[in-house]
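Notes to accompany the following structure.
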Number of protein chains: 2
Amino acid sequence: MEVLVPFSTTDPKSRLSEVLTPGERLAFAHAMLADVVDAVSAGGGDPHVLATAPLDSGVSDVKGSPDTGDAPDANSVPVVVDDRPLTTAVNDVLRNGTPQAGITGIDSSPTAVVMADLALATPEVIGRFLDADDDVVIAPGRGGGTNALVVRHPEFRVDYHGASYLDHLRISDDIGASVSVFDSHRLASDVDTPTDLVEVVVHTDGRAADWLREAGFEIDRSDGRVDVARP
Amino acid sequence: MEVLVPFSTTDPKSRLSEVLTPGERLAFAHAMLADVVDAVSAGGGDPHVLATAPLDSGVSDVKGSPDTGDAPDANSVPVVVDDRPLTTAVNDVLRNGTPQAGITGIDSSPTAVVMADLALATPEVIGRFLDADDDVVIAPGRGGGTNALVVRHPEFRVDYHGASYLDHLRISDDIGASVSVFDSHRLASDVDTPTDLVEVVVHTDGRAADWLREAGFEIDRSDGRVDVARP
């Protein structure tokens, strides 16, 4: 199945600015993207990054970026560049496909959308997710968001603004699509804020976890809870 | 399967004190407990509340408590009272059972432990969880915690302090127990902080969600994200 992985190259992961510099945020976002692309491929999907600009833009220009080696290899992962807002760009691919990238659109084949900051995604969970067989399969994110979608109904369109989980349920109902909710901690855990970093270190050993460790983050159990921080 | 549902009657849900009075926190905690007990029963488990004091204690004494009707009926749900710390109390039941409550201990039958603030638990997810067939099955909570456990190995003991998820993996390994991790957003979502309340309203329609709505909480989409608040 074609799997879109939307990625914003502009000031990514801004809610991590308390703990990471702009360059670090970009490098960490690339590390998470690489993990997601790997999990999608190994889970049986055919990943296409849907980026707001070419993937190598910015990384080497940003002062303080500790590592540019984590971006997925542009030769091995197709990148579709579209600088329009997320909802518009995704709906355009769902409706019309992107012939130059080999995506035909949901009229002719199901398409999935998996967010680029799902650092906890594994091949196993992606495989189960892509195999769920309703017209629309939604993996909710915390806070009413939608972290991953499988779309098999030609009339379905995304709306990522606000409570997108509830909106996607409503849209599915409006068009008579069968819908299922995919219950996964791994797919619910988008990494946005400093408190999300502990999930990456506790539950993964991919490039994002390596990046955090190399950047000096450690598990801190000192107050009886678990946190990650740079000592 | 016998399912322990630990519940602290003393200042429950203290991290909600920004948005709820002490009486409201106790009533809300009781509503969540009732939802969890219902989900365990309907999911095929045999729930036993492991409480630090009798369940009706406190509710009617607390000024400002809006509702005492949500406590599970003491006549229908067995309550084991043990005022020792959580880890000690759970390990005592695992090791020795609680004959007066009909719990035999893990020497003779598997036992599960499901936290009382898993307001998103459904019969379906509890059923799948109890059916997972390893010696130890762990449903992680956010932040390295352990939200639910199935224990089938007689030497397993819990340790809820700190990064209990990692500790429970290590303990399983030390005793040669087979272990699986149960990947569920619903079971990972313990309700501790004000930002957790949105999960209850978005994903459930049980007593906890009703309680929040009756207490005036509404979904707020005003800033493009989803929150719940009392307007």
Side-chain angles (χ1 to χ4, degrees), chain A residues 15 85-87 120-122 124-126 128-129 138-148 159-169 180-204 218-228, chain B residues 15 85-87 120-122 124-126 128-129 138-148 159-169 180-204 218-228:
Chain A
R15 294 166 72 195
L86 176 63
T87 294
L120 277 67
T122 61
E124 188 274 333
V125 72
I126 293 285
R128 279 195 293 119
F129 176 67
I138 305 177
R142 279 177 58 82
T146 301
N147 282 357
D159 178 355
Y160 280 108
H161 187 76
S164 65
Y165 169 72
L166 296 173
D167 291 334
H168 290 145
L169 289 178
S180 61
V181 178
F182 191 81
D183 177 38
S184 165
H185 170 56
R186 290 189 174 276
L187 296 192
S189 299
D190 44 324
V191 178
D192 278 324
T193 67
T195 59
D196 296 331
L197 298 179
V198 66
E199 305 302 314
V200 179
V201 175
V202 167
H203 293 287
T204 79
E218 293 176 8
I219 290 184
D220 172 11
R221 305 181 179 206
S222 57
D223 71 349
R225 283 192 206 138
V226 183
D227 198 2
V228 294
Chain B
R15 293 167 72 195
L86 176 64
T87 294
L120 276 65
T122 60
E124 188 275 334
V125 72
I126 293 285
R128 280 194 294 121
F129 176 68
I138 306 177
R142 279 177 59 82
T146 302
N147 282 358
D159 178 356
Y160 281 108
H161 186 77
S164 66
Y165 169 72
L166 296 173
D167 291 334
H168 289 145
L169 288 178
S180 60
V181 177
F182 191 81
D183 177 37
S184 165
H185 170 56
R186 289 188 174 277
L187 296 191
S189 300
D190 44 323
V191 178
D192 278 324
T193 67
T195 59
D196 296 331
L197 298 179
V198 66
E199 305 302 315
V200 180
V201 175
V202 166
H203 292 287
T204 78
E218 293 176 7
I219 291 184
D220 172 10
R221 306 180 178 205
S222 58
D223 70 349
R225 283 192 205 138
V226 183
D227 198 3
V228 293

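Since the structure is predicted, the reported quantities are computational estimates derived from the model, not experimental observations. Quick note on labels: first sequence line is chain A, next is B, and so on, each numbered from 1.
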Any residue meeting side chain to side chain contact (heavy atoms under 4.5 Å, CB included) with A/V198, in chain and number order, not counting sequence neighbours: A/V202, A/V226, A/V228

Partners passing side chain to side chain contact (heavy atoms under 4.5 Å, CB included) against B/S184 (at least two apart in sequence or in another chain): A/D183, B/V125, B/F182, B/R186, B/L187

Beyond-backbone contact of B/H203 with A/V181, side-chain heavy atoms, under 4.5 angstrom: no

Residue A/L120 versus chain B: region with a heavy atom under 4.5 Å: neither

Whether A/E199 side chain and B/G143 backbone form a donor-acceptor pair below 3.5 Å: yes

B/S189 OG to A/H185 NE2 distance, which is reported to the nearest 0.5 Å: 8.5 Å

